[in-house]
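Inspection log for the structure reproduced underneath, given as structure tokens.
These figures come from a predicted structure and were not determined experimentally. Chain letters run A, B, ... following the sequence lines, proteins first, then strands; residues in each count from 1.
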2 protein chains.
Amino acid sequence: MKPPTITDVAQEAGVSVSTVSRHLRGDRVRAAERINRAVARLRYRPSPAAQSLKSGKTGAVALVVPDITNPFFAAVVRGAESITAQGGHTIFLANTDESDAREAEVVEDLITRVDGMLLAPASENNPSPQRLADAGVPTVLIDREAPSTGRFDTVLIDNHGGARFAIEHLLSNGHERIATIAGTVDSTPGRFRLEGYRDTLAAYSIELPPEFVQPGGFKEHGGYQSMLRLLALPDPPTAVFVANNTMTIGALRAIKDIGVRVPDDLSVVGFDDHPFSEILDPPLTVIDRPMEEQGALAMRMLLSRMNNDSSRISRRVVLDVRLTERASCGPPRNTPMGARRKAARI
Amino acid sequence: MKPPTITDVAQEAGVSVSTVSRHLRGDRVRAAERINRAVARLRYRPSPAAQSLKSGKTGAVALVVPDITNPFFAAVVRGAESITAQGGHTIFLANTDESDAREAEVVEDLITRVDGMLLAPASENNPSPQRLADAGVPTVLIDREAPSTGRFDTVLIDNHGGARFAIEHLLSNGHERIATIAGTVDSTPGRFRLEGYRDTLAAYSIELPPEFVQPGGFKEHGGYQSMLRLLALPDPPTAVFVANNTMTIGALRAIKDIGVRVPDDLSVVGFDDHPFSEILDPPLTVIDRPMEEQGALAMRMLLSRMNNDSSRISRRVVLDVRLTERASCGPPRNTPMGARRKAARI
DNA sequence: GTGAAAGCGCTAACAG
DNA sequence: CTGTTAGCGCTTTCAC
């Protein structure tokens, strides 16, 4: 019942193991046909363990993301897979659930099992990229930078610009009391989307109370809680920029629970599109980006690193984002005088 | 720059490799402290390739699903991970995109890399489970059965009953012209949800035109197209049962595009809950099930198979589902006489 | 307790 | 073009 080995195949085909090995790896061999038959008859499958013990290559790459449920990361996976499809690399997918601790475990475990890694670190003060570098595992960072910036190939998007687009869109609708539900602030997208929010408001000389920035940790529940707090403010915002799609789901649930109307009572802009965005009532205005391309690009860069490119200079790509306007934004409602007065005081 | 081996550690600690090996696997050893220090200093990590070449075990299990984007499968993953967390098994996740061909590739590739597999086959006439059985890889099927039913441990849900709950709910609202957007009909859930629909209608002596069954292939786009076709019928249904969550998204998009109102013009019941279901307008009535439990249970069964349990009899678990009533169903609207006449003719 | 040594299945010189 | 052979890093007898 033990699986057949290359020796069994060699015997069955009446050749030596090296001939079998050569044939399997593509060399021209006389006994090709006989070997094929032997392989088929025995249902021989080469042992990856033996292969990688010998060659030092595993034939696999890992793709580690904070949240597979998020359609953004799902798209990244598709993009990455589209590149490996033809070439013979297995992709191992792993989920860290936005947790540094979980990521450390996962990376530690995968580090010896793969030839390269695509990683979207849970946070910026996260040792994983360094571990990978120390272990000599080619690594490309996706969407999030490493503490020691500049040392890794990275595929980012223009988070700061995206936030700016969102805020300016709200501004152009006449809003000033604009709040944000921020992501994990020590992650690249969380940080820059928040900075984009702040810088844009500052550029328009708008000052807002600190409670207008609510942390949502990129999780649905965080979005829900944050929106609840925002809505409970004595002087609530007339517009909210939510820094990712999962938090937006939570935020909209809170909005629904409270009975606030969008966009009449509150305008909303999300970050990252989602299949559901269009069927919401009203459809959601979002900042969108080339998701699959981000995954595909990252995989191409990784493959190139793994193949040869040992250049010391790391590449840092920043992809553009754009505003997809739907119907969740409108002019601010008439604020009661009391609210106005308080607003003026800030 | 080569990674340190167990020999390096042995040298550094001044003991033999076997002592190091023993210590690492938990045996009591005198030089424990010294070995630990050597391991740390050298940053030694055992080579999984060498370990599994020797032991025949990979320390990994695979979890292969048709669509990671689907929150149902995401929940299954969480459930499965919750079981392995403590124990030392790496989980490799893989996506087959509802494709038999892709699944064959993925399974073929993983078959030599793991000690066991959790698989949700893309369809019932799919050779993968058989391949796994032939290769002697312990396998537990999730949500979908194998052609040779009864030979595999399987964790299912009551698809037929779920469909019945949905149809009876619609019936109790006064609907008779009930259509369905079916999933992949050659997959277990697709088949039984459709049979549940048919059997329930038959039990109430309701006959409907064949166009009332539209295939959606479990994909969002399929749901969209199917709903479009349903709505374009000269005599459209007053209610629709959509056989999974992703198709429901597509169906609702079509509904929105056409301008049909839910539940006024059309009542909708979905299968499988989704974070978005609650924030839709109206919130969606769905058939719900214990998703994480399905994953956790499957993983427990797999682990038990891998550990010892070589009993020939396979276990087949069927979990209950329930109707989560929200607001997407109501009484049928007044049908114009023309429609009535045609309906009577069927 | 510990060490020496035999392989696990495969690849890549090396010598024909 | 083909066969022989030496390991890759580790676990596990087997003797001590």
Taking only the side-chain nitrogens and oxygens of B/Gln51, find out if one of them lies under 4.0 Å from OP1 or OP2 of D/dG9.
no
Within the supplied structure, the quantity of interest is the number of heavy atoms (other residues, nucleotides, ligands) at a distance under 6.0 Å from A/Arg41 CZ; does it exceed 12?
yes
Whole angstrom is fine here: how far is it from CZ in A/Arg28 over to P in D/dT2?
10 Å
Measure from CG on B/Leu53 to C1' on D/dC8 and round the result to the nearest Å.
9 Å
With distance as the sole criterion, is a donor-acceptor pair present between the side chains of B/Ser16 and B/Thr19 under 3.5 Å?
yes
Distance check: side-chain N/O of A/Ser55 vs OP1/OP2 of C/dT11, anything under 4.0 Å?
no
Identify the heavy atoms of B/Ala38 and B/Glu12 that sit nearest to each other, and give their distance.
CB-CG, 3.5 Å
Over all atoms of both residues, closest heavy-atom pair of B/Thr184 and B/Phe218:
OG1-CD1, 3.3 Å
Counting the atoms with a prime plus P, OP1 and OP2 as sugar-phosphate, which does A/Ser18 contact under 4.0 Å by heavy atoms, base, sugar-phosphate, or nothing?
base
Determine whether the side chains of A/Asp153 and A/Ser314 contain a donor N or O and an acceptor N or O closer than 3.5 Å.
no
Angle by which the axis turns from one end of the helix from C/dG1-D/dC16 to C/dG16-D/dC1 to the other, five pairs per end, to 10 degrees:
40°
Using OP1 and OP2 only, check whether a side-chain N or O of A/Ser16 sits under 4.0 Å from D/dG3.
yes
Pick base, sugar-phosphate or nothing for B/Arg22, based on heavy-atom distances below 4.0 Å to the nucleic acid.
base
Does a donor on one side chain and an acceptor on the other come within less than 3.5 Å for B/Asn126 and B/Ser128?
yes
Given atom NZ of A/Lys54 and atom C1' of C/dA12, what is their separation to the nearest angstrom?
6 Å
Under 4.0 Å, heavy atoms only, any strand: does B/Ser21 hit a base, just the sugar-phosphate, or nothing?
base
Whole-Å gap separating P (C/dA4) and CD (B/Gln11):
12 Å
